[in-house]
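Every heavy atom of this structure was used, including side-chain atoms; hydrogens, water molecules and symmetry mates were not. A note on names: the letters A, B, ... follow the listed sequences, proteins ahead of strands, and every chain is numbered from 1.
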Amino acid sequence: MNIITRFAPSPTGYLHIGSIRTALYSWLYARKYNGKFILRIEDTDINRSNKKYVKHILYVLEWLGLYWDDQPYYQSDRYDFYQDIINTMLNKGLAYKCFCSRERLEFVRNICLTKKKDFLYDGFCRDKCFSYKKKNYIVRFKNIIDKSVFIFYDIVYGKIIISNNKIDDFIIRRSNGIPTYNFCVSLDDYDMCVSHIIRGNDHLNNTPKQIKILDSLNLKVPLYAHLPMILNVNKEKMSKRSKNFNLKRYIKSGFLPESVLNYIVRLGWSYRDKELFSLNEMKCLFSLEKVRKSSCCLNNKKIKWINKCHLSSISYKRLLYYLKPFFFKRKIFFAKINNISEIISFFAQRTDSLIDIVNYCDLFVDKKIKFTKVNHDYISYQIYNLLQFFLKHISKEMSWNKSNITLVINLCLRNYFFLGYAKIFQVLRFFLIGKEKNLSLNIIILFLQKNKVTSRIICSIKFVKSKLKKTY
RNA sequence: GUCCUCUUCGUCUAACGGUUAGGACAUCGCUCUUUCACGGCGAUAACAGGGGUUCGAACCCCCUAGGGGACGCCA
């Protein structure tokens, strides 16, 4: 069997984690079996569809590396194809024109509501022959009326049984001439030879309608795999308009694409005790049969941990590729840091976000240091002397390595022990990078390198001296 | 309301009738670091409830409760 899957978003909002997972699972399944993965933009809602969302969808898929085969398909390009089939269905009596006004439908709906019944179309126009040529009509699918049950098998949920009398003569073409979702989807999936439809379980109830359309035309029905919902932290359905779960947020927060994919592949699916997957491993190990049925919700701390693991194993070249936009945005010219690769590699081993790496790099850029709020305790002759002492010894001829740097620090600790160890560390850290609590001091000194250490300390000494003059 | 569906540590999950209910994140200890972190070691923590079936049930069946989805000229 030739495996063809598709991702079919509607461009009416930003992609959230749930839709990304649908895309990922479809992509993985196709790639695992050397099949095809199709992207189809479902833009039949002319009021809400927006080109900016199409752009967003393409950008996100590319960023994640979920490349599709063929050109993306747009349903709005295919109206002629749909229209032909609707005409055939009308001619064959598989569908009929309905002239019911919106008002009448609303009226019937309200009656059902007060009777606490399901709203199903009452078939008012079903068997009528209209002689007048009213233009304003919709086209409905002519469902078989009986009390039988409709059964289909879902790869994830198993056997699904729905009573036939719960499915009405649903609309397949609107009065504006544009066909509706259920119609377009089923025919496109057939036309594009989609073998496996992988999508959110909010479509479980649509599936019988789509199968019925295909059955009525004697067309082959694909296999279905519905995925459980991913809920937000409050266990609610995620909205396309909510910014919190929009994938852009993850990109901006400094996550790698492999981390995002790794995180979401494990929502609803697992492989033994394995937590970390490369894209290739996912491809080999993924299976629809192991997808869980129950919905799950998000955990931000876990994705951070996953990002940390991937940051520490990613190649330097790729890391730099993903870091560059962040450097650019912060206007940090990392060319100014001659040991940049050493610094980046070091922090990639211990941070959980690209932003953190950039923040650390930022500490080592400039020769001079700008202070924000200075602790009053730091403006004293003792501190002044400490800085002088530190400068004198750190400036000596020595090879610039961690153990030699530690020797100098120890020397300071011994000579100025009366200040307290913690304070000595804080003071030196502050006058080197402007922060009291941050990295270990010898790492700071090591990465700043001799020229920046001396220039920053000289600058600090001048600063303290000027403050002392003012005070006394 | 009707229909569909789901329910294992706080969270993501393992278990395919026999386990001390396993792992991961988080949390909390301890430990390395003369500071920050990283790391290492450990601990707490779950079968929604009630009935069956069975020698034996987290697992099979029924009921209840709770969650989610669908019920549009949205997709």
Residue [X], side-chain heavy atoms: nucleotide from [options] that is nearest:
{"X": "N205(A)", "options": "A75(B), A26(B), C3(B)", "answer": "C3(B)"}
{"X": "K301(A)", "options": "G68(B), C36(B), C25(B)", "answer": "C25(B)"}
{"X": "Y181(A)", "options": "G72(B), C4(B), A75(B)", "answer": "A75(B)"}

What integer distance in Å separates [X]:[atom1] from [N]:[atom2]?
{"X": "Y14(A)", "N": "A75(B)", "atom1": "OH", "atom2": "P", "value": "20 Å"}
{"X": "R199(A)", "N": "A75(B)", "atom1": "CZ", "atom2": "C1'", "value": "11 Å"}
{"X": "Q349(A)", "N": "G39(B)", "atom1": "CD", "atom2": "P", "value": "11 Å"}
{"X": "L276(A)", "N": "C25(B)", "atom1": "CG", "atom2": "C1'", "value": "11 Å"}
{"X": "I46(A)", "N": "C73(B)", "atom1": "CD1", "atom2": "P", "value": "15 Å"}
{"X": "I138(A)", "N": "G72(B)", "atom1": "CD1", "atom2": "P", "value": "12 Å"}
{"X": "I197(A)", "N": "A75(B)", "atom1": "CD1", "atom2": "P", "value": "16 Å"}
{"X": "L120(A)", "N": "C3(B)", "atom1": "CG", "atom2": "C1'", "value": "10 Å"}

Would you mind pulling out the nucleotide paired to [N], Watson-Crick or G-U wobble, both distances under 3.5 Å?
{"N": "C28(B)", "result": "G42(B)"}
{"N": "G1(B)", "result": "C71(B)"}
{"N": "U53(B)", "result": "none"}
{"N": "U34(B)", "result": "none"}
{"N": "C47(B)", "result": "none"}
{"N": "G66(B)", "result": "C6(B)"}

Please say which of I445(A), I394(A), N404(A) ends up in a side chain to side chain contact (heavy atoms under 4.5 Å, CB included) with I409(A).
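Among the candidates, only I445(A) passes.
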Let's go through Y416(A) and N385(A) carefully: what are the C-alpha distance in whole Å and the side-chain angles of both, what is the deciding distance for side chain to side chain donor-acceptor pair (under 3.5 Å) to 0.1 Å, and is it a yes or a no?
CA-CA 9 Å; Y416(A) 289 86; N385(A) 290 336; 5.1 Å; no
Taking the [atom1] atom of each, how far is [N] from [M], in whole Å?
{"N": "C62(B)", "M": "C4(B)", "atom1": "P", "answer": "13 Å"}
{"N": "A45(B)", "M": "G22(B)", "atom1": "P", "answer": "11 Å"}
{"N": "C41(B)", "M": "G50(B)", "atom1": "C1'", "answer": "43 Å"}
{"N": "A58(B)", "M": "A75(B)", "atom1": "P", "answer": "47 Å"}
{"N": "C25(B)", "M": "C16(B)", "atom1": "C1'", "answer": "26 Å"}
{"N": "A46(B)", "M": "U19(B)", "atom1": "C1'", "answer": "15 Å"}

Looking only at side-chain N and O atoms, does R350(A) come under 4.0 Å of OP1 or OP2 in G39(B)?
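R350(A) to G39(B) OP1/OP2: no side-chain N or O under 4.0 Å.
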[X] bridged to [Y] by N-O distance under 4.0 Å:
{"X": "R48(A)", "Y": "D45(A)", "value": "yes"}
{"X": "D169(A)", "Y": "K142(A)", "value": "no"}
{"X": "R40(A)", "Y": "D191(A)", "value": "no"}
{"X": "D154(A)", "Y": "K159(A)", "value": "no"}

Checking all strands, does [X] fall into the base, sugar-phosphate, or nothing category for heavy-atom contacts under 4.0 angstrom?
{"X": "K308(A)", "answer": "sugar-phosphate"}
{"X": "K237(A)", "answer": "sugar-phosphate"}
{"X": "N182(A)", "answer": "nothing"}
{"X": "T44(A)", "answer": "sugar-phosphate"}
{"X": "H226(A)", "answer": "nothing"}

Under 3.5 Å donor-acceptor pair, N206(A) side-chain atoms to A75(B) base atoms
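Answer is yes: a donor-acceptor pair is held.
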Could you write nucleotides 5-15 of chain B as a row of B, S and -, 5' to 3', where a protein heavy atom under 4.0 Å of any base atom gives B, of only sugar-phosphate atoms gives S, and otherwise -?
SSSB-BBBSSS
Tell me if the OH atom of Y190(A) is crowded by more than 12 foreign heavy atoms within 6.0 Å.
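Not buried by this count: 12 neighbours or fewer within 6.0 Å.
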Whether over 12 other heavy atoms sit under 6.0 Å from F418(A) CZ:
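It does: F418(A) CZ has more than 12 such atoms within range.
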My understanding is that only residues two or more places apart in sequence, or in another chain, count here; which of them pass side chain to side chain contact (heavy atoms under 4.5 Å, CB included) with Q349(A)?
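Testing Q349(A) for side chain to side chain contact (heavy atoms under 4.5 Å, CB included), a comparison that skips the adjacent residues, returns S312(A).
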Upstream residue (5' side of RNA chain B) when N410(A) and K166(A) are each assigned their closest nucleotide
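Nearer the 5' end of the strand: K166(A).
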